[in-house]
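Remember, predicted model here, so these are calculated numbers, not experimental data.
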Amino acid sequence: MWEIINDFGEATKRVIKAGFDGVEIHGAYSHLLQQFFSSYSNKRNDYWGGSLQKRMNFALEVIKRVQEVANEYAQDDFIIGYRLTQEEIHEHAVGYDIHDTLQFIDRLADTHMDYIHVTSADYGKEIKEVINGRTAFIFVPHVFNVQDAVDGLQYGDMISMSRQALIEPDFAKKIKEGKEEDVATEITSPEMAKSLAFPPKMVDWLLDPKGKNPVPKGMDYLKEPVSD
Ligand SMILES: Cc1cc2nc3c(=O)[nH]c(=O)nc-3n(C[C@H](O)[C@H](O)[C@H](O)COP(=O)(O)O)c2cc1C
């Protein structure tokens, strides 16, 4: 366990050496850190598991190590964030629910990290309340247009988006330049779909019927082949 924690520190060292402004510790989407927070995958009965508080220990030790490395090797303004997924609900079992997550966020907010980033739109209000200004909250409201982004800021100190940014790579730039009406908010033709040049594997993933998030408009155009 301590070797892996140390590896997170080594990775942070490489990030600093490579000149990045910061590092986001990935505790979301069922990656390793989430597997330890989840009672579904973590069956240990020692310092690393057995109770909700103990299931937080791996993440908290990783954060501590990353912070130690940053303190030693990085400039004071080096950014450290943590990304997590609000809930892990399986068909017949619950890995953790929002009540567990809010307790976890409460602990995370006390670690002096720079931000907490959650992966989906649920529970923005509750998360903002728990953080209560102790650190920044990056919220993912599922942005499909400019108003969605503005609305998301009632909970998040920042909002992040991905699929809308793929449809309109100049989303932020156009808003900054006051050209909101020029922001593309959907795929409107097979030609536009083609011009976005998404790799085929990404298209399959974007159209995966098992996806849980609401889908931006016009994604179906990605299915239609356009001949040259
Ligand atoms: C092409 C693509 C790649 C993504 N890659 C990652 C990733 O590497 N790590 C991650 O935590 N989330 C990743 N995500 C998920 C997004 O960060 C985000 O949580 C999710 O898409 C919901 O936001 P949206 O409604 O703005 O798309 C990816 C999303 C897309 C569309």
Pair E168 + K174, salt bridge at N-O below 4.0 Å | yes

For residues 129-141, which side-chain N or O atoms pair as donor and acceptor with protein atoms under 3.5 Å away, sequence neighbours left out?
from: E129; atom 1: OE2; to: K125; atom 2: NZ; distance (Å): 3.3
from: R134; atom 1: NE; to: I131; atom 2: O; distance (Å): 3.2
from: R134; atom 1: NH1; to: D106; atom 2: O; distance (Å): 3.2
from: R134; atom 1: NH1; to: D106; atom 2: OD1; distance (Å): 3.0
from: R134; atom 1: NH1; to: D110; atom 2: OD1; distance (Å): 3.2
from: R134; atom 1: NH2; to: D106; atom 2: OD1; distance (Å): 2.6
from: R134; atom 1: NH2; to: V130; atom 2: O; distance (Å): 2.7
from: T135; atom 1: OG1; to: M113; atom 2: O; distance (Å): 2.8
from: T135; atom 1: OG1; to: D114; atom 2: O; distance (Å): 3.0
from: T135; atom 1: OG1; to: Y115; atom 2: N; distance (Å): 3.3

Any side-chain donor near an acceptor of the partner, Y96 and Q103, under 3.5 Å | no

Kindly say whether D148 contributes a backbone atom to a donor-acceptor pair with the side chain of N145 at under 3.5 angstrom?
-> yes

Partner set under salt bridge (charged side-chain N to carboxylate O under 4.0 Å, His left out) for D220, not counting sequence neighbours = K223

Side chains of E24 and H26: donor-acceptor distance under 3.5 Å anywhere?
-> no

Which pairs, with at least one residue in residues 153-165 and sequence neighbours excluded, count as a side-chain hydrogen bond (donor to acceptor under 3.5 Å, both in side chains)?
-> H117-S160

Is it true that atom CE of M202 has more than 12 heavy atoms of other residues, nucleotides or ligands lying nearer than 6.0 Å?
-> yes

K13 with E10: basic N within carboxylate O range, under 4.0 Å = yes

S120 and Q86 side chains, donor-acceptor separation under 3.5 Å = no

Should K54 and N42 count as side-chain neighbours, where that means a heavy-atom distance under 4.5 Å?
-> no

Interatomic distance, CG@D21 vs CG@D77, rounded to 0.5 Å, equals 7.5 Å

